[in-house]
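Following: one structure in C-alpha cells, then a few remarks.
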Amino acid sequence: MNDILGELSWRGLIAQTTDLDALRRDLAAGPLTLYCGFDPTAESLHVGNLMPLLTLRRFQLAGHRPIALAGGATGFVGDPSGRDSERTLMDAETIKGRVGRIRAQMERFLDFGDGPTDALMVDNLDWTGQMSAIEFLRDVGKHFSVNVMLQRESVSARLEGGGLSYTEFSYVLLQSNDYRELYRRYGCRLQVGGNDQWGNITAGLDLIRRTESGSGHALTVPLVTSATGQKFGKSTGGGSLWLDPAMTSPYALYQYFLNTDDRDVSTYLRYLTFLPREEIEALDAAVAERPHAREAQRRLAEEIVALVHGRDEVGRVQAASAALFGGGALEGLDEPTLAAALAEAPSVSVAGEVPPLVDLLAEGLSLSKSDARRAVRDGGAYLNNARVTDEAAVPGEGDWLHGRFLVLRRGKRSVAVVERAKA
RNA sequence: GGCGGGUUGCCCGAGCGGUCAAAGGGAGCAGACUGUAAAUCUGUCGGCACAGCCUACGAAGGUUCGAACCCUUCACCCGCCA
C-alpha cells in the first residue's frame with residue numbers, strides 16, 4: 001500500500017526518475033502532491049493516456065495527492081516532443097471544447113474533494129492566459145539557456161528534420177512554468193508523464209531550483225509499443241482507441257484488448273490494470289501453459305472496460321461478444337438479452353421500406369458506400385452472423401430478430417444494430 | 001532580400017505530355033489458417049447513381065486534341081548567401 005515505488009517498479013512503470021532515494025524519502029514523509037498534464041490534442045483522451053492517468057491513481061491509492069492538469073494553455077502552442085513536424089494550431093473554441101471533455105474524462109479516474117489525498121483538477125490557462133509577453137520573457141524565459149534548449153532531443157531531432165517554429169520551441173517554458181506554479185500553489189513536488197516528457201519535466205525542475213530554491217522530482221512511465229512494433233493507443237486498429245464511448249465503442253475497446261498479442265498481454269496487465277501481483281503472475285503462467293484459453297487477454301479486456309466505462313459495461317460487452325462469437329445462434333437469444341447485448345453498438349433506425357443491406361452497413365458502421373460494398377465483396381459482411389455475399393441483398397421479413405433487430409457486422413470487431421422503428 | 005531545391009493518395013515514395021485513380025513499401029480493412037493470437041498467404045485500400053462517371057498529384061491561371069508531368073503567378077517548406 002505504501003510502497004508505491006516498489007509497486008511501480010514491479011509493474012515496470014518506471015522508465016526514468018530523478019534521485020530515487022530522495023523521492024522515496026519524500027513519499028515516506030507524508031502525502032506528496034504530484035501532477036500530470038494532458039493537452040487537448042484531440043476530442044478525447046485515448047488509451048495511451050491511460051498509463052500516466054492510472055499512475056496518478058496509483059499514487060492516490062498509496063496515500064498521495066494527485067493533480068490532473070488540462071492543457072488549456074499548452075494546447076495553444078503544441079508540444080514538439082515526439083513529433084517530426086509542426087502541429088497545426090487550433091482555434092480557441094476548439095481548445096476550450098476539448099479541454100472540457102478531457103476534464104470530464106479525467107474525473108472518472110481520480111477521487112476529488114478537499115481531503116489531504118483528494119485530487120485537484122486544474123487548467124494551465126488559468127495562470128498562463130493573462131500573463132503578458134513581457135512577464136513571460138522576464139519571469140520564465142530569463143531562466144532558460146538557449147544553449148541547453150538546443151541540446152534537447154525533441155529540439156535537435158526537429159532541427160535535423162523539418163525544423164520547428166519559435167512557438168513549439170517555447171513549449172518547454174510553458175510546461176516548466178506549470179510545474180513551478182503548482183509547486184508554489186500546492187507544494188507539488190513530483191511530475192509524472194510519458195517518457196517523452198522527460199526533458200519537459202526536468203526543465204521544470206531546473207526552473208524551480210533556480211527561482212524557488214526548491215526541489216522536486218520527475219518520474220516517467222515507459223512508452224508502450226506492441227510486439228509488432230506498433231505505437232500503442234495513438235493509431236491502432238483503424239484509428240485510435242478513444243476513451244470516449246461515442247468515438248470508440250466499449251465493445252470495440254473490449255475486442256481490441258481481447259485480441260492482444262500473447263507477447264504483450266503480460267506487460268499490459270501490469271501497465272493498465274490494478275490487479276495484484278499474484279494474480280498477474282498466475283495469468284502469465286496461464287498464457288504459457290494454455291495460450292489458446294486466452295485467460296489473460298480476457299481479464300485484461302475486462303479490467304480496461306471496467307476502468308474506462310464502468311463494471312456495468314463489462315457485462316454488456318461480454319454478452320455482446322458471446323452472442324456474436326457464440327456460433328451464430330442469435331435467433332436463440334431472447335429479446336431482453338439481445339437488446340442488452342446490443343445496447344452500446346451503434347444503431348440505425350428504420351421506418352417503412354427497408355433499404356438495401358449495403359446502405360444499412362454503411363450507415364451503421366460509418367463506412368462509405370464503397371467500403372460497405374467492398375466488405376460484402378470481400379466476404380467480411382454478416383447479417384445476423386451469416387455471411388452476406390450479394391451486394392444487392394435486401395433484408396427480408398424473416399431476418400428481423402424478434403421482429404425488431406438486424407445485427408450487422410463487418411469482420412470481427414465492428415457491429416451495428418438496425419432497429420425497426422415502432423409503427 | 002538574392003540564388004538553388006522542394007510541395008504526389010493515411011504515411012514514405014516513384015512518376016516528368018497520352019496506356020495515371022497514379023509503381024513500390026508501410027499502415028489500415030477483409031478473407032484463409034489458428035486460439036477472436038503471432039507468423040504466413042490472398043484480396044482490398046478516393047467517391048458515387050460502380051464494366052461508367054465524378055473528384056484528385058500545394059493554389060490559381062495558361063499552352064495543348066490531351067497535363068501530376070510544360071509555362072506564368074502566388075503560397076508554404078528546406079538549404080546557401082545577405
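Here is the naming used below: chain letters follow the sequence lines, and residue numbers restart at 1 for every chain.
- Base pairing analysis places B/rU7 opposite B/rA75; the two distances defining the Watson-Crick or G-U wobble pair are each below 3.5 Å.
- Distance A/L367 CG to B/rA30 C1': 12 Å, rounded to the nearest Å.
- Listed candidates were B/rG35, B/rG43, B/rG47. Nearest to the side chain of A/D378 is B/rG43.
- With P as the reference atom, B/rG52 and B/rU7 are 32 Å apart, rounded to whole Å.
- Comparing B/rC74 with B/rC53, their P atoms sit 38 Å apart, to the nearest whole Å.
- The phosphate of B/rG43 (OP1 or OP2) has no side-chain N or O of A/R377 nearer than 4.0 angstrom.
- A/D39 and A/Y171 share a side-chain donor-acceptor pair at under 3.5 Å.
- Pair assignment for B/rG43: B/rC29, on the basis of Watson-Crick or G-U wobble contacts that are both within less than 3.5 Å.
- Of the two residues near RNA chain B, A/R409 and A/Q297, the one whose nearest nucleotide lies more 5' is A/R409.
- Across all strands shown, nothing is found opposite B/rU64 as a Watson-Crick or G-U wobble partner with both distances under 3.5 Å.
- With rounding to whole Å, A/K369 atom NZ is found 20 Å from B/rU44 atom C1'.
- At least one side-chain heavy atom of A/L150 sits under 4.5 Å from a side-chain heavy atom of A/F169.
- Taking atom P in both B/rA56 and B/rA67, the straight-line distance is 13 Å, to the nearest Å.
- Spacing between B/rG13 and B/rC3 at atom C1', rounded to whole Å, works out to 28 Å.
- For A/P291, counting side-chain heavy atoms from C-beta on, the closest listed nucleotide (B/rA38, B/rC29, B/rG35) is B/rG35.
- Whole-Å rounding puts the A/R413 CZ to B/rA30 P distance at 7 Å.
- At whole-Å resolution of the value, CG in A/D390 and C1' in B/rC50 are 15 Å apart.
- In this structure, the side chains of A/P250 and A/R316 stay at 4.5 Å or more apart for every pair of heavy atoms.
- Taking every side-chain heavy atom of A/D262 into account, B/rA37 is the closest of B/rG31, B/rG47, B/rA37.
- Side chain of A/H292, nearest nucleotide from B/rG35, B/rA37, B/rG47: B/rG35.
- Residue A/R374 is classed as a sugar-phosphate contact, given heavy-atom separations below 4.0 Å to backbone atoms only.
- The same atom, P, is picked in B/rA22 and in B/rC10; the two are 15 Å apart, to the nearest Å.
- The nucleotide whose nearest atom lies closest to any side-chain atom of A/R294 is, among B/rA37, B/rG35, B/rG31, B/rG35.
- A gap of 14 Å separates the C1' atoms of B/rG9 and B/rG26, to the nearest Å.
- The interatomic distance linking A/E289 (CD) with B/rA37 (P) rounds to 22 Å, in whole Å.
- Listed nucleotides: B/rA37, B/rC48, B/rC29. Nearest to the side chain of A/R410: B/rC29.
- Residue A/Y268 places no side-chain N or O under 4.0 Å from the OP1 or OP2 atom of B/rA37.
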Derivation and outcome, side chain to side chain contact (heavy atoms under 4.5 Å, CB included), residues A/V407 and A/L383: CA-CA 6 Å; A/V407 178; A/L383 169 61; over 6 Å; no
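- At whole-Å resolution of the value, CG in A/D261 and P in B/rA39 are 7 Å apart.
- Taking the P atom of each, B/rA68 and B/rU63 are spaced 16 Å apart, rounded to whole Å.
- Using a 4.5 Å heavy-atom cutoff, the side chains of A/D79 and A/Q197 are in contact.
- The partner of B/rU55 cannot be assigned: no Watson-Crick or G-U wobble pair with both contacts below 3.5 Å exists in any strand.
- Across all strands shown, A/Y382 has heavy atoms under 4.0 Å from sugar-phosphate atoms exclusively, and none from any base.
- As the counterpart of B/rA23, no nucleotide is assigned, since no Watson-Crick or G-U wobble pattern has both distances under 3.5 Å.
- If you measure from atom NZ of A/K412 to atom P of B/rC33, you get 10 Å, rounded to the nearest angstrom.
- Taking atom C1' on both B/rA39 and B/rC50, the two are 36 Å apart, rounded to the nearest angstrom.
- For A/S370 against B/rC50, a side-chain-to-base donor-acceptor contact under 3.5 Å is present.
- No side-chain N or O of A/S44 forms a donor-acceptor pair with one of A/R101 less than 3.5 Å apart.
- Across all strands shown, B/rC80 pairs with B/rG2; the Watson-Crick or G-U wobble distances both stay below 3.5 Å.
- Within the 4.0 angstrom heavy-atom criterion, no nucleotide atom of any strand lies near A/R298.
- Counting heavy atoms from C-beta on, the side chains of A/L253 and A/H309 come closer than 4.5 Å.
- Between the CG atom of A/L283 and the C1' atom of B/rA37 there is a distance of 16 Å, rounded to whole Å.
- Side-chain atoms of A/L34 and A/I67, non-hydrogen and from C-beta on, never get closer than 4.5 Å to each other.
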